[in-house]
Amino acid sequence: MDSMGSVFGFISHETMTKINILQGYLDGENGKSYKTINSMIKYELENEVVNFKYLPSNRVPSGCRTLLRMHRALKWLEVFLYKVGTSPGQDQTSEMCADAYHKTLSHYHSWFIRQIAEVAFLALPPLDKMYKLVCVQDHKEAKVVLLTTVDSIVKVYNITQELYTINNMLDLP
């Protein structure tokens, strides 16, 4: 995200904040309960760490809530990279990104955040520069790299989606 410009620094910062929260749980006294997504869910449900009604303001968000936010963002990344990888090279990256956002993340965000996102998308580099960011020369190479990445993202997303669905955790506050 950092390589897409300073406007996307916010996304990178938010991602690192969430990774640090999860790492804190993993490094904490109950770290063994955070080795897998399944063990984290089990531990947090059994110990009432997860709050299904509201986010307590006086403590760090639960691991389940934190991962859910990253999980939702992963879906956006999947859709966006798929669009870039399958684009014939004529489309605007800003339009592809905005479309991916509207299909995935926008309904979780306030009006204000949605407006900021729309402005941020306009700052995305054109496709040829985007290809360089993923270390390829042209659309043909980009398609292979991006669709391979998307395939991996889909596998991770589907596993997480299933675990959150089984445990009725897709709508955590």
Side-chain angles (χ1 to χ4, degrees), residues 1-22 36-38 40-41 61-173:
M1 287 304 187
D2 288 338
S3 60
M4 285 197 249
S6 60
V7 179
F8 277 80
F10 173 76
I11 295 172
S12 181
H13 174 75
E14 283 296 303
T15 301
M16 286 310 302
T17 298
K18 287 169 178 45
I19 289 170
N20 289 336
I21 290 170
L22 293 172
T36 68
I37 297 171
N38 204 30
M40 175 182 69
I41 291 171
S62 70
C64 290
R65 179 193 182 279
T66 301
L67 183 63
L68 178 61
R69 278 19 182 208
M70 293 178 71
H71 175 68
R72 291 172 179 168
L74 190 62
K75 187 64 174 178
W76 162 77
L77 186 61
E78 170 202 326
V79 173
F80 176 54
L81 294 180
Y82 180 81
K83 287 179 171 298
V84 173
T86 58
S87 166
Q90 313 301 334
D91 298 329
Q92 296 280 347
T93 54
S94 58
E95 291 173 10
M96 290 185 280
C97 189
D99 186 52
Y101 177 74
H102 294 296
K103 289 179 178 174
T104 58
L105 278 177
S106 68
H107 58 279
Y108 298 111
H109 292 158
S110 67
W111 177 87
F112 183 71
I113 296 296
R114 289 192 307 267
Q115 300 314 301
I116 291 171
E118 293 292 335
V119 172
F121 302 150
L122 297 174
L124 279 170
L127 272 177
D128 60 334
K129 288 188 179 171
M130 184 77 76
Y131 293 157
K132 288 184 174 88
L133 292 175
V134 294
C135 302
V136 297
Q137 298 301 314
D138 57 27
H139 175 70
K140 186 177 178 182
E141 286 181 52
K143 184 175 184 175
V144 172
V145 170
L146 293 172
L147 295 183
T148 300
T149 302
V150 166
D151 185 52
S152 296
I153 289 172
V154 167
K155 289 174 186 170
V156 171
Y157 181 88
N158 287 343
I159 290 167
T160 307
Q161 183 76 7
E162 181 179 349
L163 290 171
Y164 272 70
T165 300
I166 289 168
N167 289 284
N168 297 314
M169 299 179 93
L170 289 170
D171 294 315
L172 292 178

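Only this structure's heavy atoms are used, side chains among them; waters, hydrogens and symmetry mates stay out. Bear in mind that the values here come from a model prediction, so they are computed numbers and not experimental data.
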Over all atoms of both residues, closest heavy-atom pair of V79 and A100: CG1-CB, 3.6 Å
For the OH atom of Y101 and the OG atom of S106, what is their distance to the nearest 0.5 Å? 5.5 Å
Counterpart residues, side-chain contact (heavy atoms from CB on, under 4.5 Å), relative to I19 (two or more places apart): T15, M16, M70
Could I get the full list of side chain to side chain donor-acceptor pair (under 3.5 Å) partners for T104, not counting sequence neighbours? none
When you look at H13 and T17, which way does the side-chain contact (heavy atoms from CB on, under 4.5 Å) test go after all the steps? CA-CA 6 Å; H13 174 75; T17 298; 3.7 Å; yes
Atom pairs and distances, donor-acceptor, side-chain atoms in residues 113-136, under 3.5 Å, two or more places apart:
| from | atom 1 | to | atom 2 | distance (Å) |
| --- | --- | --- | --- | --- |
| R114 | NH1 | H109 | O | 2.6 |
| E118 | OE2 | H102 | NE2 | 2.7 |
| Y131 | OH | H139 | ND1 | 2.9 |

Partner residues of D151 under the side chain to side chain donor-acceptor pair (under 3.5 Å) criterion, sequence neighbours left out: K155
Only counting residues at least two apart or in another chain, list the ones meeting side chain to side chain donor-acceptor pair (under 3.5 Å) with K140. none
Got a sec, which pairs hit salt bridge (charged side-chain N to carboxylate O under 4.0 Å, His left out) with one end in residues 65-76, sequence neighbours left out? K75-E78
Could you work out, with side-chain contact (heavy atoms from CB on, under 4.5 Å) as the rule, every residue matching T86, not counting sequence neighbours? Y82, L147
Non-neighbouring partners of K143 that pass salt bridge (Lys or Arg N to Asp or Glu O under 4.0 Å), sequence neighbours left out: none
Which residue pairs pass the side chain to side chain donor-acceptor pair (under 3.5 Å) test with at least one member in residues 161-173, sequence neighbours excluded? H71-Q161, Y157-Q161
Atom CG of L172 and atom CG of L68: how far apart are they, to the nearest 0.5 Å? 5.5 Å
Listed by chain and number, what are the salt bridge (Lys or Arg N to Asp or Glu O under 4.0 Å) partners of D99, not counting sequence neighbours? K83, K103
Checking E95 now: which residues fulfil side chain to side chain donor-acceptor pair (under 3.5 Å) with it, not counting sequence neighbours? none
Straight-line distance of I21 CD1 to L67 CG, nearest 0.5 Å: 11.5 Å
Say you draw a straight line from OG1 of T160 to CD1 of I37; how long is it, rounded to the nearest 0.5 Å? 3.5 Å
